[in-house]
J.: 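Can you keep this structure in mind? I'll have questions shortly.
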Amino acid sequence: MKPRALAEISAPEFDLARTLHSGQIFHAMPSGAGWQVLVDGIALAVEQQGEILHVPARHEALARRYFALDHPLESIYASFPTDPFSRAALDSCRGLRILRQPLWECLGTFITSPMKQVAHIRQMSLSLRARFGRPVPGALIQAYPAPEVLAAASEDDLRACGLGFRAKSLRLAAAEIAAGRLDLAALREQPTTEVREALCRLPGVGRKVANCVLLFAYERLDAVPVDVWIARILQAMRRRKGTLEELERFSARRFGAYAGYVQQYLFHHARMTRSLPA
DNA sequence: TGCCAGGCCAAAT
DNA sequence: ATTTGGCATGGC
């Protein structure tokens, strides 16, 4: 490959590696001193040196958008609650940003996520890409397979990628998209509640997965996916148990418009320390 | 080895 | 309306 012009993007309050490993995307590949990610069929090589992000000049706009460099991190931090849990999470996760993921890749990936650890979700994503994905010029791995491709695959083929009981859900959901019975892009214009309802009609999509897609792909920064980690933390914060929806409402009241950001910091901090804050 | 993982769904209470 | 059990797989 010929060397190409690099853009140097000023990216204060951004920690690339931390963001890539926070359980939002699962396919980032080490490349040179940086990383390679795939975005909408484009291989994006990115390297961080201090507050400077190096990306190919022709992909500067794509990088700014994908890495959400326009999110007002200082304002978001100012909105964080002041309890010890949230403070500890903020102190240890600065620079973590909520990415803007491609819709179907995010939805498909999180349909495969139930009862799987982050490392397993990555394995399944890489297996699906290797088996069904389209080659991308210059990429270390293949693109996330299109709905049409997964809809045409057999359940056994998907199980061979390690999906287990999730194979059926992924195939059926892909079929809904491929047949045009649900237009993911059109949902961008809809209110959060209606997007959530539409997503939850898909097989294998409940509130948790829908909220992941709302937060990571539909830019709904107030959406809070409540998984087992977040449930434990929220119950500790409010000193009593509750249903998942009660915990969601608690986080909405306590965390505000950027509740999704607070949630992501709590999740990553808990996972990194493998414990609840004292 | 046994336990748990960024849950969902249908059946049972 | 709410709770329970089953579901596949793999790392620790």
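Computation of the quantities below employed the complete heavy-atom set of this structure, encompassing side-chain atoms and omitting hydrogens, waters and symmetry-equivalent molecules. Each chain gets a letter, A, B and so on, in the order the sequences are listed, and its residues count up from 1.
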J.: For DNA chain C, what string of dots and brackets results from 5' to 3' when Watson-Crick and G-U pairs need both distances under 3.5 Å, crossing pairs get [ ], and pairs with another strand get |?
T.: |||||||.||||
J.: Quick one: name the residues clustered hydrophobically with A:Leu172, using the 4.5 Å side-chain heavy-atom rule over I, L, V, M, F, W, Y, and just say none if it's on its own.
T.: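 Besides A:Leu172, the cluster holds no residue at all.
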J.: Listed in order of residue number, which residues of residues 251-260 of chain A have a non-hydrogen atom at under 4.0 Å from DNA chain B?
T.: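 Nucleic-acid contacts, sorted: none.
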J.: State whether the side chain of A:Thr19 and the backbone N or O of A:Arg97 hold a donor-acceptor pair below 3.5 Å, judged by distance alone.
T.: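 It does hold such a pair.
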J.: At the 4.0 Å heavy-atom cut-off to chain A, mark where contacts on DNA chain C begin and end, going 5' to 3'.
T.: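 Listing 5' to 3', DNA chain C meets chain A from C:dC7 to C:dG11.
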J.: Any side-chain to backbone donor/acceptor pair from A:Glu13 onto A:Glu74? Under 3.5 Å, distance only.
T.: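 Judged by distance alone, no pair lies under 3.5 Å.
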J.: Using atom C1' in both nucleotides, what's the gap between B:dG6 and C:dT3 to the nearest angstrom?
T.: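 Taking atom C1' in both B:dG6 and C:dT3, they lie 22 Å apart.
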J.: Please write out which residues are connected to A:Met115 in a hydrophobic cluster, directly or through intermediates, given that two of Ile, Leu, Val, Met, Phe, Trp, Tyr count as joined at side-chain heavy-atom separations below 4.5 angstrom.
T.: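 Traced through the cluster, A:Met115 reaches no other member.
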J.: Distance check, P atoms only: C:dA8 and B:dA11, in whole angstrom units.
T.: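 Nearest-Å result for C:dA8 against B:dA11 at atom P: 16 Å.
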J.: Which side-chain N or O atoms in residues 33-46 of chain A pair as donor and acceptor under 3.5 Å with protein atoms at least two apart or in another chain?
T.:
unit_1	atom_1	unit_2	atom_2	d
A:Gln36	OE1	A:Leu140	N	2.7
A:Gln36	NE2	A:Gly138	O	3.1

J.: Which value, in whole Å, describes the distance between the P atoms of nucleotides B:dT1 and C:dG11?
T.: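 It comes out at 15 Å once rounded to the nearest Å.
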J.: With ring centroids as reference points, do A:Phe26 and A:Phe110 lie under 6.0 angstrom apart?
T.: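 Centroid separation for A:Phe26 and A:Phe110: below 6.0 Å.
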J.: Taking side-chain hydrogen bond (donor to acceptor under 3.5 Å, both in side chains) as the test, write out the residues that go with A:Tyr144, two or more places apart.
T.: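 A:Tyr144 satisfies side-chain hydrogen bond (donor to acceptor under 3.5 Å, both in side chains) with no residue once adjacent residues are dropped.
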J.: Holding to salt bridge (charged side-chain N to carboxylate O under 4.0 Å, His left out), I want the full list of residues that pass it with A:Arg131, two or more places apart in sequence or in another chain.
T.: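 By the salt bridge (charged side-chain N to carboxylate O under 4.0 Å, His left out) rule, A:Arg131 matches A:Asp157.
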J.: When you match A:Gln123 and A:Arg166 each to their closest nucleotide on DNA chain C, which lands nearer the 5' end?
T.: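 That would be A:Arg166.
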J.: According to the side-chain hydrogen bond (donor to acceptor under 3.5 Å, both in side chains) rule, which pairs have a member within residues 203-214 of chain A, sequence neighbours left out?
T.: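 Counting only pairs at least two positions apart or across chains, the side-chain hydrogen bond (donor to acceptor under 3.5 Å, both in side chains) contacts touching residues 203-214 of chain A are A:Arg196-A:Asn211, A:Arg207-A:Glu248, A:Asn211-A:Glu248.
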J.: Can you list the residues that meet the side-chain hydrogen bond (donor to acceptor under 3.5 Å, both in side chains) rule with A:His54, with sequence neighbours excluded?
T.: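 A:Gln49.
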J.: Provide the full list of salt bridge (charged side-chain N to carboxylate O under 4.0 Å, His left out) pairs with a residue in residues 100-118 of chain A, sequence neighbours left out, each pair given once.
T.: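 Of all non-adjacent pairs touching residues 100-118 of chain A, those that pass salt bridge (charged side-chain N to carboxylate O under 4.0 Å, His left out) are A:Asp70-A:Arg100, A:Arg100-A:Glu219, A:Glu105-A:Arg129.
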J.: Under the 3.5 angstrom rule, does the side chain of A:Arg94 hit a backbone N or O of A:Asp15 as a donor-acceptor pair?
T.: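 Such a contact is absent between A:Arg94 side chain and A:Asp15 backbone.
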J.: One character per nucleotide, please: for nucleotides 6-13 of chain B, 5' to 3', B when the base has a protein heavy atom closer than 4.0 Å, S when only the sugar-phosphate does, - otherwise.
T.: BBSS----
J.: Using the P atom on both, measure B:dC4 against C:dG5 and round to a whole Å.
T.: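 After rounding to an integer number of Å, I get 15 Å for this pair.
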J.: 5'-most contact on DNA chain C: A:Thr243 or A:Arg159, nearest heavy atom basis?
T.: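 Going by which nucleotide is closer to the 5' end, it is A:Thr243.
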J.: I'd like to know if A:Glu176 and A:Arg181 make a salt bridge, using a cut-off of under 4.0 Å between side-chain N and carboxylate O.
T.: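 Judged by the 4.0 Å cut-off on N to carboxylate O distance, A:Glu176 and A:Arg181 do form a salt bridge.
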